[in-house]
Amino acid sequence: MNQFTFVLTLFFLAPTIAFLTQAPPRHQSACFAKNKGRQTNVPKPLPTGPPAQDISLPDDCTMEELIGAMGGGRLKKVARKNRRLRNQKIREGKAVLNEKGEWVPRE
């Protein structure tokens with residue numbers, strides 16, 4: 001009877017001991033490590049190209065030739081940038097409409 005009680009006690013205690021023991025510490029792998037270098041949310045500085053004065057186009061250049069040389073996507077990007085800069089100047093009051101309906105720098 002004593003042996004039976006001992007075995008029965010072990011049978012009920014064995015599953016609870018598994019929850020009471022401490023799990024071994026996990027090894028941290030390098031692929032999940034935090035970045036110690038440059039912050040990831042800081043934008044990288046943009047590369048600077050040649051100034052606008054250095055870029056020259058022939059006088060008889062048509063829009064089709066320009067699109068063929070530079071690409072439509074790049075021209076859209078340049079137009080978007082120019083619109084953004086123009087609108088910023090308008091908001092700041094640095095550009096006004098002339099009699100032809102064009103935005104010109106305030107004098």
Side-chain angles (χ1 to χ4, degrees):
M1 183 77 182
N2 246 351
Q3 260 184 338
F4 179 72
T5 310
F6 181 71
V7 171
L8 192 63
T9 308
L10 283 178
F11 179 73
F12 285 115
L13 286 180
T16 58
I17 290 174
F19 291 110
L20 296 177
T21 59
Q22 230 180 15
R26 290 179 148 203
H27 175 67
Q28 295 290 332
S29 65
C31 63
F32 296 112
K34 298 241 181 207
N35 292 338
K36 300 286 184 188
R38 191 175 75 76
Q39 294 178 351
T40 55
N41 59 351
V42 176
K44 293 180 182 177
L46 295 175
T48 57
Q53 296 84 8
D54 293 347
I55 301 172
S56 59
L57 296 172
D59 293 334
D60 59 345
C61 182
T62 64
M63 196 63 171
E64 290 80 23
E65 293 172 349
L66 190 62
I67 290 173
M70 294 181 68
R74 187 171 177 193
L75 286 179
K76 283 183 185 178
K77 185 177 176 181
V78 169
R80 215 178 302 128
K81 176 187 164 195
N82 290 339
R83 270 196 312 271
R84 186 179 67 242
L85 293 174
R86 183 197 65 209
N87 290 338
Q88 183 179 358
K89 288 178 184 177
I90 292 169
R91 281 192 299 273
E92 294 171 353
K94 295 180 180 178
V96 293
L97 270 175
N98 66 2
E99 57 275 351
K100 295 179 185 177
E102 299 169 337
W103 291 100
V104 294
R106 183 181 292 259
E107 297 170 355

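Nothing fancy with the numbering, it's 1 onward along the sequence.
To the nearest 0.5 Å, atoms NZ (K94) and CZ (R91) are separated by 12.0 Å. To the nearest 0.5 Å, atom CD1 of residue I67 and atom CE of residue M63 are 5.0 Å apart. Here L85 contributes atom CG and I90 contributes atom CD1; the two are 11.0 Å apart, rounded to the nearest 0.5 Å. Interatomic distance, CD of E92 versus CD of Q88, reported as 4.5 Å (0.5 Å rounding). Going from atom CG of L66 over to atom CZ of R74 covers 9.5 Å, rounded to the nearest 0.5 Å.
Around atom CZ of R86, more than 12 heavy atoms belonging to other residues, nucleotides or ligands sit under 6.0 Å away.
The shortest non-hydrogen separation linking R106 to V96 is NH2-CG1, 3.2 Å.
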